[in-house]
A.B. asks: 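Before I ask anything, let me first share the structure, which is written out below as structure tokens.
In what follows, residues are counted from 1 in the order of the sequence shown. A quick note: this is a predicted structure, and the numbers were derived from the prediction, not measured.
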Amino acid sequence: MPMAGTRMSNSGRMMTLEEQLACITARRVDLHSAEELKARLAKSIAENRPLRIKMGADPSAPDLHLGHCVALNKLRDFQDCGHTVVFIIGDFTGMIGDPSGKSATRPQLSKEQVLENARSYQDQMFKILDPARTEVRFNSEWFGPMGFEQVIRLSAHVTVAQLLARDDFSKRYAANQPISLVEFLYPLVQAYDSVMVRADVEIGGTDQLFNLLLGREIQKAHGQDPQIVLTMPLLEGLDGVHKMSKSLGNYIAVNDTPRDTFGKTMSVSDELMWRYFSLVLCLPEAEIAALKAAVASGARHPRDVKDELGRRIVAKFHGEAAAVEASAEFARVFSRNQLPSDIPEVALPSGRIGILTLMVKAGLAPSTSEARRLVQAGAVKAGEQKVTDFRLELDPPDGLVIRSGKRGFARIRREP
């Protein structure tokens, strides 16, 4: 039995209240409130009852990316302090749509799409979370059987003025842009999830602060102690400007291949890579400061430090061996201008073919319009020759390598 003021971590070592607070609050942005968190942790220790740490995700796409990992890493911090993560997969809310800081409604998905994405989410999140300390819930469990009378009663706890206080809603209202009642219901639905799982703490990105705070109000209305709210920074994507997002194409997916993960990481700017060290890898600030000092003094080149970042990220999801190979492959292709060791082949019958059609068949572009854009940008090569005319037709020889951008390769295999 743990002594008063301590809690057993996953490693078996006793963690004091102060150690838990330091671990849990590292890298966070908002905390409502520090006093409540300290009191809730102290009560947890005294009663030997792990806290229930809630996070939800709508499976709007099949892949998680490094931006999601910022909050997942914080959930793992709670688990390492001995607490239980309640991960809510919004199979019900995923069919509604939440803008969450966007200026337009998220497209609604079919139930089949949501469930397929949800299965993929579970496989990926356990690359970070401890399954033994994770409770996975689907919110259709309580919203599916809910009647309209219950929806009305739940809605009575929130005013229109409260909802219009949310930043993206207020901006759209001021701009005379439509906001559906379904979108107004979304924060209330997310808040009710906290009631149903009796959350002690809820974690989300800074763009979720309104919804998380609303969860406190709905819990109080249902006679529960309000959850502590903790938000994490939004990770900038590969463009260095916008938050990482699949819709913007500036993401590194958890399920990307080691080669793609490493290559995309190497495209991160020198200024932004420190955020990845902190938020994705959770390196202690002292280690990050030491790396910065080494770069500033000239003791280490920024490219070498970024190579270390890429290897560490690949190792996090694919293991050390894959990380070493991805680094070596990148050096072979980009530093020495050699071809990758595993170029995919595309089989073509004899005869001429347009370059745009060839690129689509080879998987180097999703459409002819995108292939045309790549050609016009000077990103396409046939062998050693840069392709400058999108109207080009060629009769490619067997073994010819078509290259698109920095990471797209395909080898032609002619069929008889």
Side-chain angles (χ1 to χ4, degrees), residues 24 30-33 35-37 39-41 43-44 47 49-59 71 74-75 78-79 83-100 114 118 121 125 129 133-166 169 181-232:
I24 287 166
D30 303 292
L31 177 57
H32 295 269
S33 66
E35 294 77 14
E36 288 179 285
L37 176 61
R40 197 75 61 96
L41 285 170
K43 184 178 180 182
S44 164
E47 297 178 355
R49 180 188 72 85
L51 297 183
R52 294 174 63 77
I53 317 302
K54 173 200 170 192
M55 188 176 114
D58 287 349
K74 182 53 58 183
L75 292 179
F78 272 98
Q79 289 183 325
H83 303 292
T84 300
V85 165
V86 184
F87 194 94
I88 296 181
I89 293 179
D91 60 328
F92 186 89
T93 45
M95 293 183 286
I96 296 176
D98 174 35
S100 298
V114 166
Y121 271 29
M125 72 185 185
L129 299 182
R133 291 188 182 273
T134 304
E135 180 182 314
V136 179
R137 302 287 292 274
F138 291 78
N139 64 6
S140 61
E141 175 187 334
W142 43 87
F143 286 121
M146 182 178 279
F148 191 64
E149 179 184 350
Q150 292 172 283
V151 175
I152 296 294
R153 291 184 182 277
L154 184 59
S155 302
H157 295 301
V158 186
T159 68
V160 172
Q162 281 178 293
L163 292 170
L164 284 176
R166 194 170 113 168
F169 284 163
L181 285 177
V182 169
E183 293 177 80
F184 268 169
L185 286 173
Y186 186 98
L188 187 59
V189 166
Q190 181 176 335
Y192 191 65
D193 287 343
S194 296
V195 174
M196 295 306 296
V197 301
R198 304 192 73 88
D200 290 299
V201 180
E202 183 169 13
I203 292 175
T206 52
D207 57 344
Q208 286 286 312
L209 180 60
F210 177 91
N211 293 10
L212 273 54
L213 290 174
L214 186 61
R216 288 170 58 87
E217 300 305 313
I218 300 303
Q219 281 182 308
K220 286 190 283 188
H222 285 80
Q224 294 183 11
D225 291 334
Q227 64 188 14
I228 290 100
V229 166
L230 189 151
T231 68
M232 298 300 294

A.B. asks: Not counting sequence neighbours, which residues clear ring-ring contact (aromatic ring centres under 6.0 Å, His included) with Phe184? List them please.
C.D. replies: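 Only Phe169 meet the ring-ring contact (aromatic ring centres under 6.0 Å, His included) criterion with Phe184.
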
A.B. asks: Output all residues satisfying side-chain hydrogen bond (donor to acceptor under 3.5 Å, both in side chains) with Gln219, sequence neighbours left out; order by chain, then residue number.
C.D. replies: Gln224

A.B. asks: Which of these, Lys220, Glu202, His32, sits in a side-chain hydrogen bond (donor to acceptor under 3.5 Å, both in side chains) with Gln227?
C.D. replies: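 Option passing the side-chain hydrogen bond (donor to acceptor under 3.5 Å, both in side chains) with Gln227: Glu202.
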
A.B. asks: Would you say Phe143 and Met196 make side-chain contact, with heavy atoms under 4.5 Å?
C.D. replies: no

A.B. asks: Test of understanding: with side-chain hydrogen bond (donor to acceptor under 3.5 Å, both in side chains), list the residues that count as partners of Arg137, not counting sequence neighbours.
C.D. replies: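 By the side-chain hydrogen bond (donor to acceptor under 3.5 Å, both in side chains) rule, Arg137 matches Glu135, Glu141.
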
A.B. asks: Evaluate the side-chain proximity of Leu213 to Asp30: yes if any heavy-atom separation is below 4.5 Å, no if none is.
C.D. replies: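 Heavy-atom side-chain distance check fails, nothing below 4.5 Å.
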
A.B. asks: Take Trp142 and Val197, measure what side chain to side chain contact (heavy atoms under 4.5 Å, CB included) needs, and give me the verdict at the end.
C.D. replies: CA-CA 10 Å; Trp142 43 87; Val197 301; 3.8 Å; yes

A.B. asks: Just do the side chain to side chain contact (heavy atoms under 4.5 Å, CB included) check on Gln190 and Tyr186 with the steps written out, would you?
C.D. replies: CA-CA 6 Å; Gln190 181 176 335; Tyr186 186 98; 3.5 Å; yes

A.B. asks: If every non-hydrogen atom of Ser155 is compared with every non-hydrogen atom of Leu185, which pair is closest and at what distance?
C.D. replies: OG-CD2, 3.7 Å

A.B. asks: Grab the two heavy atoms, one from Pro145 and one from Ser140, that are nearest each other, plus how far apart they are.
C.D. replies: CD-O, 3.7 Å

A.B. asks: Are Leu51 and Lys43 packed together at the side-chain level, in the sense that at least one heavy-atom pair is separated by less than 4.5 angstrom?
C.D. replies: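 With C-beta onward as the side chain, the pair stays apart.
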
A.B. asks: Does any part of the side chain of Ile218, heavy atoms only, come nearer than 4.5 Å to the side chain of Val158, both counted from C-beta?
C.D. replies: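 Answer yes - side chains close enough.
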
A.B. asks: Can Glu36 and Arg216 be said to form a side chain to side chain contact (heavy atoms under 4.5 Å, CB included), step by step?
C.D. replies: CA-CA 12 Å; Glu36 288 179 285; Arg216 288 170 58 87; 3.2 Å; yes

A.B. asks: Holding to side-chain hydrogen bond (donor to acceptor under 3.5 Å, both in side chains), I want the full list of residues that pass it with Asp225, two or more places apart in sequence or in another chain.
C.D. replies: none

A.B. asks: Using side chain to side chain contact (heavy atoms under 4.5 Å, CB included), reason through Gln208 and Thr231 one step at a time and then give a plain yes or no.
C.D. replies: CA-CA 8 Å; Gln208 286 286 312; Thr231 68; over 6 Å; no

A.B. asks: Between Glu183 and Leu163, is there a side-chain heavy-atom distance shorter than 4.5 Å?
C.D. replies: no

A.B. asks: With side-chain contact (heavy atoms from CB on, under 4.5 Å) as the test, pick out the partner of Met55 among Leu75, Ile88, Val86.
C.D. replies: Leu75

A.B. asks: For Asp200, enumerate each residue passing the salt bridge (charged side-chain N to carboxylate O under 4.0 Å, His left out) test, keeping only those at least two apart in sequence or located in another chain.
C.D. replies: Arg40, Arg49

A.B. asks: Check whether Glu217 reaches the backbone of Leu214 with its side chain - one donor and one acceptor, N or O, closer than 3.5 Å.
C.D. replies: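 No, the answer is negative, given that no donor and acceptor are paired below the 3.5 Å cut-off.
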
A.B. asks: In terms of heavy-atom contacts, does CG of Leu181 have more than 12 from other residues, nucleotides or ligands at under 6.0 Å?
C.D. replies: no

A.B. asks: Test of understanding: with side-chain hydrogen bond (donor to acceptor under 3.5 Å, both in side chains), list the residues that count as partners of Arg198, not counting sequence neighbours.
C.D. replies: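 Scan of Arg198 (side-chain hydrogen bond (donor to acceptor under 3.5 Å, both in side chains), adjacent residues dropped) gives none.
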
